[in-house]
Protein chains: 2
Amino acid sequence: MTVRQDVHSVGIPVLCQSCEARHRGVCGALDPDQLVGLAKISSKQTIEPGVELIGDAETVDSYSNVLSGVVKLTKSLSDGRQQIVGLQFAPDFLGRPFKVESAINAEAATAVSLCSFPRASIERMIRESPELEHRLLKQTLNELDEAREWMVTLGRKTAAEKVASFLLMIARNIDPALDPATNTTSFELPLTRADIADFLGLTIETVSRQLTRLRTDGLIRIENNRHVTVTSLKRLASRSGA
Amino acid sequence: MTVRQDVHSVGIPVLCQSCEARHRGVCGALDPDQLVGLAKISSKQTIEPGVELIGDAETVDSYSNVLSGVVKLTKSLSDGRQQIVGLQFAPDFLGRPFKVESAINAEAATAVSLCSFPRASIERMIRESPELEHRLLKQTLNELDEAREWMVTLGRKTAAEKVASFLLMIARNIDPALDPATNTTSFELPLTRADIADFLGLTIETVSRQLTRLRTDGLIRIENNRHVTVTSLKRLASRSGA
DNA sequence: CAAAGGCATTGACCGAAATCAAGGCATTGG
DNA sequence: CCAATGCCTTGATTTCGGTCAATGCCTTTG
């Protein structure tokens with residue numbers, strides 16, 4: 001199943017007005033008149049975890065705002081080794097403007113709801129609206145910075161630092177308003193241990209051991225394998241390798 | 001020393017006409033009239049290896065086309081561990097459009113010649129010329145793809161695969177026209193062993209050992225520590241982990 | 001030329017993370 | 001209720017790459 005289907009169904013303008021309230025999404029870049037036109041050809045959908053949104057072989061035929069949930073972007077080696085190269089949180093924009101030859105996969109990590117637009121419409125809007133292209137450039141620059149930040153983590157941090165950095169990154173993305181002064185926060189992990197391992201360039205076992213370590217050292221609590229409470233953001237940050 | 005100085009000196013229009021012939025640079029995106037205007041405020045300069053072009057603390061005040069040589073982009077952890085997060089080859093564009101909070105350093109890896117433009121002029125041109133912004137978006141998307149490709153290398157490849165991948169990447173960037181059918185090529189390494197280690201998330205010693213291994217296995221020859229001849233691109237590719 | 005310094009190679013040893021293996025704890029379904 | 005399955009944890013052992021240390025170039029400089 002792909003995002004493509006149902007994209008030409010009747011639109012839900014309310015949906016896009018909700019997008020507009022968000023800053024990094026597509027709609028926020030458009031003026032209200034354009035928005036109404038675009039809303040008519042948009043469609044909202046909910047995706048189950050594990051469903052592939054962008055496949056290697058297939059051309060991406062739509063663009064979407066991520067309204068809720070987390071999408072993981074992965075790349076694989078021929079023997080099956082896998083690396084997560086990015087996570088898209090709401091309200092990120094999903095889908096490449098202009099075709100790129102690179103092999104990349106997008107898959108719902110959690111349940112995901114999307115607001116999708118057909119490729120042709122978005123490309124027309126880009127041509128007509130410099131503001132939208134400006135918005136895309138800014139998001140792309142942000143993603144580039146995030147990617148480079150993770151290159152440091154992948155290349156130069158220890159397993160313990162990687163896991164601490166990961167938890168901090170998730171906390172900040174789940175709650176962007178997280179006050180740097182507060183010392184505690186709590187969230188649902190959007191990834192399984194296997195996903196975390198693929199994100200950090202580690203094995204499942206190492207991830208598990210490092211989480212156990214943080215737990216027995218009293219920096220975090222974990223319930224039901226997924227719900228994490230950070231009890232000392234400061235101590236966690238001090239273990240993240242700066 | 002920074003790129004900033006001399007930026008307001010009298011321009012060298014010929015320089016920018018030479019930029020225009022290249023595809024990924026700034027000038028290629030502009031129409032001839034704009035080009036002449038921009039050329040008047042551009043300046044060409046040559047930078048020695050090791051000179052810092054963009055520093056952490058300092059705001060980037062100019063944008064440049066890399067005319068020749070290689071610039072390395074690095075990020076560091078507080079204890080000094082370093083990671084190279086990107087390499088800019090000619091005719092790449094160097095310098096961030098819009099300020100970004102991220103701490104990144106740019107440094108000449110080899111002797112580098114640049115064609116620089118003052119920040120304000122470029123930003124004005126971006127506002128006036130959607131085509132330039134389009135060009136910037138495309139380059140940024142390319143850099144994002146490259147970064148993600150290296151994330152796979154950093155997170156999931158062995159030391160041997162990393163070094164093989166590195167040599168292939170350099171070969172392709174030094175000679176973009178490299179025929180996939182040819183089996184041999186030769187080039188000057190733009191990086192020291194220490195730089196290669198920082199690029200691959202390894203130590204100098206491991207890089208040296210892997211190069212020695214490739215040499216004794218007959219895949220490459222090395223003269224003067226820097227000049228590399230790949231005698232079997234196929235065998236090198238087969239060791240790069242796909 | 002000799003001394004010094006920068007860069008690279010090589011060897012011996014060590015340790016962090018991978019691998020291999022067993023078992024726990026949910027949820028699902030017969 | 002009892003398999004069966006998926007996900008996670010924990011332990012024992014191995015290994016790849018890091019660390020420490022010595023040496024070998026070149027190039028530079030007095």
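Owing to the predicted nature of the structure, the values given are computational and were not obtained by experimental measurement. Residue numbers begin at 1 in each chain, while the letters A, B, ... track the order of the sequences.
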What I want to find out is whether Arg235(B) reaches Asp217(B) closely enough, with some N-O distance under 4.0 Å, to be called a salt bridge. no
Residues Lys72(B) and Asp198(B) bridged, charged N to O under 4.0 Å: no
Separation of dT9(D) atom C1' from Asn224(A) atom CG, nearest Å, is 15 Å
Output for pair (Thr110(A) OG1, Arg226(A) CZ), nearest 0.5 Å, gives 8.5 Å
In whole angstroms, the gap separating P of dG6(C) from CD1 of Ile204(B) amounts to 13 Å
Expected list for residues 149-163 of chain B near DNA chain C, using heavy atoms below 4.0 Å, is none
_Distance test, side-chain N/O of Thr212(A) to OP1/OP2 of dT10(D), below 4.0 Å_ = yes
Atom CG of Asn225(B) and atom C1' of dC25(D) are separated, to the nearest Å, by 8 Å
Against the side chain of Arg193(B), the closest entry in dT10(C), dA8(C), dA12(D) is dA8(C)
Is Thr192(B) close enough to dC7(C) that one of its side-chain N or O atoms is under 4.0 Å from OP1 or OP2 there? no
Between CD of Glu223(B) and P of dT9(C) the distance, given in whole Å, is 13 Å
When Gln210(A) and Ala194(B) are each assigned the nearest nucleotide of DNA chain C, the 5'-most assignment goes to Ala194(B)
Between CZ of Arg226(B) and C1' of dA8(C) the distance, given in whole Å, is 11 Å
Here the distance between atom C1' of dC8(D) and atom CD1 of Ile222(A), to the nearest Å, is 10 Å
For Leu200(A), does its backbone N or O pair with a side-chain atom of Lys162(A) as donor and acceptor, under 3.5 Å?
-> yes
To the nearest angstrom, the CZ-P distance between Arg209(A) and dA16(C) comes to 13 Å
Any donor-acceptor pair under 3.5 Å from Asn65(B) side chain to Leu67(B) backbone:
no
Atom CG of Asp198(A) and atom C1' of dA18(C) are separated, to the nearest Å, by 14 Å
>> Counting the atoms with a prime plus P, OP1 and OP2 as sugar-phosphate, which does Leu202(B) contact under 4.0 Å by heavy atoms, base, sugar-phosphate, or nothing?
In response: sugar-phosphate
Is there a side-chain contact between Thr206(B) and the phosphate of dG17(D), meaning an N or O under 4.0 Å from OP1 or OP2? no
- Query: Do the non-hydrogen side-chain atoms of Phe199(A) and Met169(A) ever get within less than 4.5 Å of each other?
  - Reply: yes
Quick note, Glu205(A) side chain, CB onward, closest among dT19(C), dC8(D), dA21(D) is dT19(C)
The single option from Val66(B), Val71(B), Ile170(B) that satisfies side chain to side chain contact (heavy atoms under 4.5 Å, CB included) with Phe89(B) is Ile170(B)
